[in-house]
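Within every chain, numbering begins at 1; the chains are lettered A, B, ... in the order of the sequence lines, protein sequences first and strands thereafter. All figures in this text were calculated on a predicted structure; none of them were measured in a lab.
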Amino acid sequence: MGSQKSYVELVDTPICMEPLRRKIENPDAGAHGWFVGVTRRTTGQRVTETLHYEAHNAMARRELNKLAERAVQEFSLLHVVIVHRLGEVPIAEASVAVGCSSRHRPETFAALEWIMNTLKKEVPIWKRELYCDGKTEWVHPGLNSESQGVDS
Amino acid sequence: MEIEVLMFAAARELTGCDAVQVEVAGGTHVPRVTEKAQDSEKAQDSEKAQDSEMAENTEMVRNFESATVDELMNALATQFPVLQALLPSCRIAVDCEYVGTETRIAPGAEVALIPPVSGG
């Protein structure tokens, strides 16, 4: 059973789901929900070889904690887990995992979407694409001409 | 004042640095009262500020030693032209919190330039 309401972590190794699942267990929960964002190979016409993530670590942790605590409040969650991977993340591997538990399913469904939307706007983490043609590009939404629609 | 600004993602790549030093001419409201205000500050060591004039002067001194986020952004654009295209979409974080353009940056605070984020 999860001992704390929210759990946030930045990791530089593959995200291991099994220990995370236990963190949202609760006898009062009627719903467990997970969103796992994975690195995609194609963006429009471009083909990605691999992705690299970096963060303002201290601030990212702080923003993720704020996000988790707000989600618990606003969606009456029993538990929330947010784990983001940094460094190189090969194609088709998880870059982010978000888990929620709540008494009923609507809260978990709504919270997962809100957490991911807010994370993508507020948390100081960036991805850099290494394309198969050898070019690299930091993804800065609103600034990249060819990377619009890069989304997990 | 000189402010160290942490660089991330494209900003780090463009400047080639993890952090840049920016000279910011802060304290636009400052001036004439500075000397008097410093006296007030000394007096404050032995005795707490009791009248509003003293409090006001102390405020002036504080302003003199700080710059606003807006002033920092302008200085960054001038001193690091390579960042110019990126800057309008960037935010500034002070001590790990996003701040508005009017916020004053206290000496010694950790300042970071935050380009549009792309986690997830």
Side-chain angles (χ1 to χ4, degrees), chain A residues 8 10 35-40 43 51-67 82-86 89 94-98 112-113 115-129 136-145 147-152, chain B residues 3-22 67-70 72-74 76-77 80-120:
Chain A
V8 156
L10 297 174
F35 171 82
V36 180
V38 294
T39 44
R40 188 180 46 233
T43 304
L51 284 110
H52 179 95
Y53 287 80
E54 79 167 33
H56 179 324
N57 287 35
M59 184 175 171
R61 260 188 224 105
R62 198 165 155 147
E63 287 290 319
L64 287 174
N65 272 314
K66 280 201 283 193
L67 198 57
I82 312 176
V83 178
H84 204 297
R85 184 172 169 188
L86 301 175
V89 182
S95 54
V96 63
V98 181
L112 285 174
E113 182 164 31
I115 290 168
M116 279 309 299
N117 289 344
T118 313
L119 181 152
K120 284 173 156 289
K121 277 187 240 142
E122 301 297 330
V123 182
I125 297 175
W126 300 270
K127 61 164 84 71
R128 187 186 63 204
E129 302 259 359
T136 63
E137 182 177 43
W138 284 103
V139 180
H140 291 308
L143 284 170
N144 308 80
S145 51
S147 297
Q148 298 302 311
V150 166
D151 207 356
S152 57
Chain B
I3 300 176
E4 183 182 73
V5 183
L6 302 179
M7 294 283 128
F8 293 95
R12 187 167 47 74
E13 202 161 279
L14 288 164
T15 57
C17 304
D18 292 338
V20 300
Q21 307 294 325
V22 190
T68 64
V69 166
D70 209 28
L72 171 65
M73 282 300 224
N74 289 335
L76 268 170
F80 298 90
V82 74
L83 291 175
Q84 246 160 18
L86 192 61
L87 281 175
S89 23
C90 290
R91 285 182 278 182
I92 292 288
V94 175
D95 291 332
C96 293
E97 293 275 359
Y98 289 115
V99 291
T101 53
E102 297 306 312
T103 304
R104 293 201 162 271
I105 300 167
E110 186 208 79
V111 181
L113 181 71
I114 309 291
V117 301
S118 55

I would like to know whether His56(A) and Cys96(B) meet side-chain contact (heavy atoms from CB on, under 4.5 Å); could you show each step before the answer?
-> CA-CA 9 Å; His56(A) 179 324; Cys96(B) 293; 3.8 Å; yes
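Residue Ala55(A) touches chain B through its backbone alone, counting heavy-atom pairs closer than 4.5 Å. Residue contact with chain B, scored on non-hydrogen atoms closer than 4.5 Å, involves the backbone of Lys121(A) exclusively. Both the backbone and the side chain of Ala10(B) come within contact range of chain A, with heavy atoms under 4.5 Å apart. For Glu63(A), the part lying under 4.5 angstrom from a heavy atom of chain B is the side chain only.
Minimum heavy-atom separation, Leu119(A) to Val117(B): O-CG2, 4.4 Å. Residues Ala9(B) and His140(A) approach most closely at CB-CE1, 3.4 Å, considering heavy atoms.
Most heavy-atom pairs under 4.5 Å with chain B: of the set Arg85(A), His84(A), Arg61(A), Met59(A), this distinction falls to Met59(A). In terms of non-hydrogen atom pairs under 4.5 Å with chain A, the most contact-rich of Asp95(B), Leu6(B), Leu86(B), Ile114(B) is Ile114(B).
Counting heavy atoms of neighbouring residues, nucleotides and ligands inside a 6.0 Å radius, atom CD of Glu113(A) does not exceed 12 of them.
Using a distance-only test at 3.5 Å, with no hydrogens or angles considered, a donor-acceptor pair links the side chain of Ser95(A) to the main chain of Gly120(B). Using modelled atom types, no side-chain atom of Trp138(A) and backbone atom of Glu13(B) make a donor-acceptor pair closer than 3.5 Å.
Interatomic distance, OG of Ser118(B) versus CG of Leu143(A), reported as 10.5 Å (0.5 Å rounding).
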